[in-house]
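Quick note on labels: first sequence line is chain A, next is B, and so on, each numbered from 1. The shown structure was predicted, so the numbers you read here are calculated from the model rather than taken from an experiment.
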2 protein chains.
Amino acid sequence: MRIGQLARLVDVDTQTIRFYEQQGLLPPPDRQENGYRVYTDKHAERLAFIRRCRILNLSLAEIHKLQSYQDDPHQPCSAVNALLDDHIYHVRSQITALQSLEKQLVSLRGSCNDGREVEACGILAGISERSTKAP
Amino acid sequence: MRIGQLARLVDVDTQTIRFYEQQGLLPPPDRQENGYRVYTDKHAERLAFIRRCRILNLSLAEIHKLQSYQDDPHQPCSAVNALLDDHIYHVRSQITALQSLEKQLVSLRGSCNDGREVEACGILAGISERSTKAP
DNA sequence: GTTGACCTTATAGTAACTATATGGTTTTTA
DNA sequence: TAAAAACCATATAGTTACTATAAGGTCAAC
C-alpha cells in the first residue's frame with residue numbers, strides 16, 4: 001500500500017509517517033519505480049504501535065527503546081516494566097505540579113472581580129507582589 | 001545595572017533576558033558606550049513579573065497581553081479575569097487528561113510482572129492489542 | 001601582558017510534529 | 001485526448017521557551 005492509504009488506515013498524517021521513518025521509528029519501505037513508498041502490513045502494525053504509545057504520552061525516545069526490546073524478544077522484560085514505572089512516576093509528578101498550580105491560580109483569581117479598572121485589579125497586584133516561592 | 005547583575009538579582013539566565021527583549025516582553029535598555037546594556041529598577045520589576053507569570057505557567061503570549069493591560073491602566077480589568085479563567089480551565093483540562101492517562105498506564109503496568117521474557121511481556125502485548133480509543 | 005570575568009551578536013539545538021514551497025506522477029473527468 | 005484533481009517526492013521553515021554554542025570585543029586585576 002502507498003503512504004496515503006497507510007495514513008488513512010492508521011489515521012496519521014503522511015508527513016508524520018515520513019517523519020517517523022526519518023527518526024528511525026519506522027523502517028524505510030521499498031520503493032516503486034517512480035520512487036513512491038510501498039508499505040506492508042508489518043509497517044501498518046508498527047505504525048499503529050507507535051501511535052498507541054504516543055496516546056500514552058510516551059516520547060519517541062521511549063518508543064524507540066520499546067521497539068528495541070520487541071526486536072530482541074528473549075531478553076527479560078524487566079526493562080519494559082521499568083520504563084513504564086518511570087513514565088507513570090513522571091505523569092504523577094506532572095499531575096501534582098498542575099494541581100498545586102491550579103490552587104495558586106484559583107486563589108489569585110479570587111483576588112479580583114470584574115468591574116474594576118486594571119489599575120486596581122487584584123490579580124495583577126497579586127502577581128506583582130507574590131513572592132516567587134510562596135504558595 | 002548590567003545584564004549579569006540583573007540576572008543574579010531575578011535569578012534568570014542572561015540569555016533569557018536578551019530573549020525576552022527580542023520577544024518584546026522587556027523594553028530595550030539604554031546602552032553604555034561599549035554597547036553593554038544598562039538596566040533600571042523598572043526593568044528588574046518587569047522581569048520579575050514575567051518570571052512570576054512563567055511560574056504560573058502563563059505563556060509568553062499571555063504575559064504579553066497582561067503587560068498591555070498594565071500599560072493602559074484605565075481599562076476594565078475583566079480581560080485580566082477572563083485570561084486567568086481561560087488559563088485555569090486549560091490547567092484543569094490538562095489535569096483530567098493526565099489522570100485518565102495515569103489510569104491507563106497503571107492498568108497496563110498491572111498486566112505484566114518482572115521475570116518474563118520480552119516475548120511474553122504483558123505490557124507490550126497490551127499496547128499492541130489495545131484499541132486506540134478504549135480506556 | 002595575559003588571565004579571567006564579563007559583555008556582544010548570530011546561529012543551532014531541543015520535541016514532535018505541522019506547514020510551506022516546488023515539482024513530478026497518476027488518475028479522473030470533460 | 002487533454003486538462004484538472006489527487007497523489008507522491010524532497011527540502012526547508014515554523015511552532016514554544018528557552019539553552020547551548022561559536023566567535024569575538026571589553027575591562028579589571030595580577
Side-chain angles (χ1 to χ4, degrees), chain A residues 1-26 28-39 43 46-67 86-87 90-91 94 97-98 101 132, chain B residues 1-26 28-39 43 46-67 86-87 90-91 94 97-98 101 132:
Chain A
M1 93 190 79
R2 294 193 312 200
I3 197 167
Q5 291 170 268
L6 177 61
R8 278 188 295 276
L9 186 67
V10 186
D11 194 28
V12 181
D13 196 298
T14 56
Q15 301 263 55
T16 304
I17 296 176
R18 293 193 198 96
F19 173 72
Y20 288 155
E21 179 183 336
Q22 187 202 313
Q23 298 295 303
L25 285 170
L26 203 58
D30 289 343
R31 302 283 187 131
Q32 289 177 190
E33 285 177 10
N34 56 17
Y36 288 15
R37 291 171 174 81
V38 186
Y39 293 98
H43 286 100
R46 193 117 184 182
L47 182 56
F49 180 84
I50 295 170
R51 287 271 93 191
R52 284 187 216 107
C53 288
R54 292 293 302 133
I55 286 167
L56 297 173
N57 236 10
L58 294 166
S59 70
L60 298 191
E62 288 172 318
I63 297 170
H64 211 86
K65 278 190 199 168
L66 284 185
Q67 289 188 338
D86 269 10
H87 191 61
H90 178 66
V91 169
Q94 279 184 295
L98 284 172
L101 177 58
T132 49
Chain B
M1 93 190 78
R2 294 192 312 200
I3 198 167
Q5 290 171 268
L6 178 61
R8 278 188 296 276
L9 186 67
V10 185
D11 194 27
V12 181
D13 196 298
T14 56
Q15 303 261 55
T16 304
I17 296 175
R18 293 193 197 96
F19 172 73
Y20 288 156
E21 179 183 334
Q22 187 203 313
Q23 298 296 303
L25 285 170
L26 203 58
D30 288 344
R31 301 285 185 130
Q32 289 177 189
E33 284 177 9
N34 56 17
Y36 289 14
R37 289 170 175 82
V38 185
Y39 292 98
H43 285 100
R46 194 116 183 183
L47 181 57
F49 180 85
I50 295 170
R51 287 272 93 190
R52 284 188 218 108
C53 288
R54 291 294 300 134
I55 287 168
L56 297 173
N57 236 8
L58 294 167
S59 70
L60 299 191
E62 288 172 317
I63 297 170
H64 210 85
K65 277 190 199 168
L66 284 185
Q67 288 188 340
D86 269 9
H87 191 60
H90 179 65
V91 169
Q94 280 184 292
L98 284 173
L101 177 58
T132 49

Q | Side-chain donor/acceptor contact of B:Gln15 with base of D:dA20 under 3.5 Å | A | yes
In whole angstroms, the gap separating P of C:dT14 from CD of A:Gln23 amounts to 10 Å
Quiz item: Does a side-chain N or O from B:Arg54 land closer than 4.0 Å to OP1 or OP2 of D:dC18, or not?
Solution: yes
A:Glu33 atom CD is separated from C:dT26 atom C1', nearest whole Å, by 14 Å
Rounded to whole Å, CG of A:Leu25 lies from C1' of C:dC17 at a distance of 12 Å
Tell me whether the OP1 or OP2 atom of D:dT10 has a side-chain N or O from A:Arg31 closer than 4.0 Å. yes
A:Gln32 atom CD is separated from D:dC7 atom C1', nearest whole Å, by 11 Å
Against the side chain of B:Arg18, the closest entry in D:dC18, C:dT8, C:dG24 is C:dT8
Side-chain atoms of B:Arg51 come closest, of C:dA16, D:dC18, C:dT20, to D:dC18
To the nearest angstrom, the CD-P distance between B:Gln22 and C:dA12 comes to 14 Å
### Query
Do any side-chain nitrogens or oxygens of A:Thr16 fall under 4.0 Å of OP1 or OP2 in C:dT18?
yes
The side chain to side chain donor-acceptor pair (under 3.5 Å) partner of A:Tyr20 among A:Arg51, A:Arg54, A:Arg46 is A:Arg51
Between A:Asp13 and A:Tyr36, whichever has its closest DNA chain C nucleotide further toward 5' is A:Asp13
| In this structure, are over 12 heavy atoms from other groups packed under 6.0 Å from B:Asn34 atom CG? | yes
Check: Does A:Tyr20 place a side-chain N or O at less than 4.0 Å from the phosphate oxygens OP1/OP2 of C:dC17?
Finding: yes
When B:Leu58 and A:Gly4 are each assigned the nearest nucleotide of DNA chain D, the 5'-most assignment goes to A:Gly4
Below 4.0 angstrom from OP1 or OP2 of D:dC8, is there any side-chain N or O of A:Arg2? yes
In whole angstroms, the gap separating P of D:dT19 from CG of B:Leu60 amounts to 11 Å
Quick one: is D:dG25 close enough that its OP1 or OP2 comes under 4.0 Å of any side-chain N or O from B:Asn34? no
Q. With a cut-off of 6.0 Å (strictly less than), are more than 12 heavy atoms of other residues, nucleotides or ligands near CG of A:Asp11?
A. no
When rounded to whole Å, the CZ to P distance for the pair B:Arg37 and D:dC27 reads 16 Å
Donor-acceptor contact present, side-chain A:His43 to main-chain A:Leu6, <3.5 Å: no
From CD1 of A:Ile3 across to P of D:dT10 the rounded distance in Å is 9 Å
Taken to the nearest 0.5 Å, the spacing of A:His64 NE2 from A:Leu58 CG works out to 14.0 Å
Against the side chain of A:Thr14, the closest entry in C:dC17, D:dG25, D:dC8 is D:dC8
